[in-house]
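Being a predicted model, the structure only gives us computed values, none of them experimental. Each residue takes its place number in the sequence, starting with 1.
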Amino acid sequence: MPARETVEVGDQLPVVEHVIDQDMLIRYAGASGDFNRLHWDPEFAAQVSPTGGVIGHGMLSMGLVSSAVTAWAGGPEHVAHLSASFRAPCPVGATLRVGGEVTEVDHDGGAATVAVWAETEDGARVVDAKGSRAVVRLSD
């Protein structure tokens, strides 16, 4: 868990990589109840998807961002806020890289604001850091 006196603007969260495979999409659909064919049916997705194929759930990407922030923060009880701006689809088979950068620190209030992001291996920002933020409570 980050300590109030050690966190500085510019600190980077560790980058975490996830391969978005069909099994992950099926498990996420079962957990979330989101069975949109865009996330599992290649023939349907070929007709309607912006990538021409199956894509990951936007909220799956958000969950992976949340997991990275929670790990850095030291647990979910330290995450006060999380919001995301989705910018691009995540095709099945992509490696999604998730990270963040501390943009503000309130040492007196014990909180840090983190610009969070997720991108595919080709650099497409699935979650854009310009509109995506986490607020983390820092330890004493």
Please report the C-alpha distance between Leu138 and Val105 in whole Å, then the side-chain angles of each, then the deciding distance to 0.1 Å, and finally whether the side-chain contact (heavy atoms from CB on, under 4.5 Å) criterion is met.
CA-CA 9 Å; Leu138 305 172; Val105 179; 4.3 Å; yes
Return the minimal non-hydrogen interatomic distance between Ala84 and Ser132, and the atom names on each side.
CA-OG, 3.3 Å
Between Ala111 and Val135, the two heavy atoms sitting closest are CB-CG1, 4.3 Å
Answer yes or no: does atom CD of Glu43 have more than 12 heavy-atom neighbours from other residues, nucleotides or ligands under 6.0 Å?
no
Cluster check Ile55, Val127: I/L/V/M/F/W/Y, side chain < 4.5 angstrom:
no
The single option from Val16, Leu60, Val65, Val126 that satisfies side-chain contact (heavy atoms from CB on, under 4.5 Å) with Leu96 is Val126
Interatomic distance, Ser66 atom OG to Met59 atom CE [nearest 0.5 angstrom]
9.0 Å
Show, in sequence, the C-alpha distance, side-chain angles and deciding distance for Glu8 and His107, and conclude whether the side-chain contact (heavy atoms from CB on, under 4.5 Å) test is met.
CA-CA 9 Å; Glu8 298 296 333; His107 290 285; 4.0 Å; yes
State whether the side chain of Glu121 and the backbone N or O of Thr95 hold a donor-acceptor pair below 3.5 Å, judged by distance alone.
yes
Apply side-chain contact (heavy atoms from CB on, under 4.5 Å) to Val92 and list each qualifying residue two or more places apart in sequence or on a separate chain.
Gln22, Leu25, Val54
Close side-chain approach of Leu82 to Met62, heavy-atom, < 4.5 Å
yes
Student check: side-chain heavy atoms of Trp72 and Pro14 closer than 4.5 Å
yes
Does Arg137 use its side chain to pair, donor to acceptor, with the backbone of Gly110 at less than 3.5 Å?
no
Looking only at heavy atoms, which two atoms of Arg87 and Arg125 are closest? And how far apart?
CB-O, 3.3 Å
So CD of Glu119 and CG of Asp128: to nearest 0.5 Å the spacing works out to 10.5 Å
About how many Å separate OG of Ser139 and CD of Glu5, when rounded to the nearest 0.5 Å?
6.5 Å
Let's go through Arg97 and Trp117 carefully: what are the C-alpha distance in whole Å and the side-chain angles of both, what is the deciding distance for side-chain contact (heavy atoms from CB on, under 4.5 Å) to 0.1 Å, and is it a yes or a no?
CA-CA 8 Å; Arg97 299 176 65 244; Trp117 53 267; 4.0 Å; yes
Nearest atoms (heavy-atom pairs only) where Ser83 meets Val116
O-CG2, 4.3 Å
In this structure, would Val15 and Ile20 fall into the same cluster of hydrophobic residues linked by side-chain contacts under 4.5 Å?
no
For Arg133, side-chain hydrogen bond (donor to acceptor under 3.5 Å, both in side chains) partners two or more places apart
none
Looking only at heavy atoms, what is the nearest atom pair of Thr6 and Asp11, with distance?
O-OD2, 3.8 Å
One should read off an interatomic distance between Thr70 OG1 and His78 NE2, to the nearest 0.5 angstrom, of 10.0 Å
Heavy-atom pair with the smallest gap, counting every atom of Trp40 and Phe35
NE1-O, 3.0 Å
Between the side chain of His18 and the main-chain N/O of Leu64, is any donor-acceptor distance below 3.5 Å?
no
